[in-house]
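Heavy atoms only: backbone and side chains are in, while hydrogens, waters and symmetry mates are out.
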Amino acid sequence: MAELNMLSYKLQDLQFFNKLEAAGQIQLENNFSFSVNYSQDNTRCMAKLYQCVKDKTDSPDHRFFVSVEVLGFFEVSGVLTDEDKRDFHIQCYQQLFPYAETLAKQVCAAGGMSNFVLLRQRMSRDNVVVNRPSDSNG
């Protein structure tokens, strides 16, 4: 059985603006993506977490917007199977999310949204798609 160890993380991108005129409630929508890519020898992987929260509006000009993109770098030891990759997908997210949440929360608090919380996404290993690298060079 393979083991996963987080080595580091990196803030890739963080965007924020708050054009709300008064304190109060606002309806927000959440966009999310998460992927894990493995090195050719399966000894390392990189996870990419992107999450965006913005006000629900039909207009292209949003009054509130925050997005965070964080990369996580992991070491893999042992023989890696597709089942391990499904489990590691969830583990990478669980280890990386708190960093994204803290970064977004700090920026939002500085921008007047002290109660902002980034929503943790529910994941199931049954929904994880393991893509095999192509055997061709083109």
Is the backbone N or O of Phe64 less than 3.5 Å from a side-chain atom of Asn18, with the two atoms forming a donor-acceptor pair by type?
-> no
Parallel, tilted or perpendicular: which describes the rings of Phe32 and Phe34, with under 30° parallel and over 60° perpendicular?
-> parallel
Could you check if a side-chain atom of Gln15 sits within less than 4.5 angstrom of a side-chain atom of Val68, using non-hydrogen atoms only?
-> no
Hey, does the side chain of Asp84 reach the backbone of Thr81 with a donor-acceptor pair shorter than 3.5 angstrom?
-> yes
Mind checking salt bridge (charged side-chain N to carboxylate O under 4.0 Å, His left out) for Lys48 and listing every partner two or more places apart, or none if nothing turns up?
-> Glu69
Do Met46 and Met123 share a hydrophobic cluster (ILVMFWY, side-chain heavy atoms under 4.5 Å, transitive)?
-> no
Regarding Lys10 and the six-membered ring of Phe73, is the cationic atom NZ or CZ under 6.0 Å from the ring centre and inside 45° of its axis?
-> no
Are Val66 and Phe116 close enough that some pair of their side-chain heavy atoms sits under 4.5 Å apart?
-> yes
Is Asp55 reaching over with its side chain to a backbone N or O of Arg63, donor-acceptor style, under 3.5 angstrom?
-> yes
Measure the spacing between CZ of Phe88 and SG of Cys45 and express it to the nearest 0.5 Å.
-> 8.0 Å
Does Phe74 have any ring pair (Phe, Tyr, Trp, His ring centres under 6.0 Å) partners at least two apart in sequence or in another chain, and if so, which?
-> none
With Gln95, which residues qualify under side chain to side chain donor-acceptor pair (under 3.5 Å), at least two apart?
-> none
Compute whether any side-chain donor of one residue and acceptor of the other, for Gln51 and Asn30, lie under 3.5 angstrom apart.
-> yes
With a 4.5 Å limit on heavy-atom distance, are the side chains of Val107 and Met113 in contact?
-> no
Got a donor-acceptor contact below 3.5 angstrom from the Tyr93 side chain to the Gln121 backbone?
-> yes
Just checking, any donor-acceptor pair under 3.5 angstrom between side chains of Glu3 and Asn5?
-> no
Check each of Leu49, Leu96, Leu71 against Tyr9 using the side-chain contact (heavy atoms from CB on, under 4.5 Å) test, and report the only one that passes.
-> Leu96
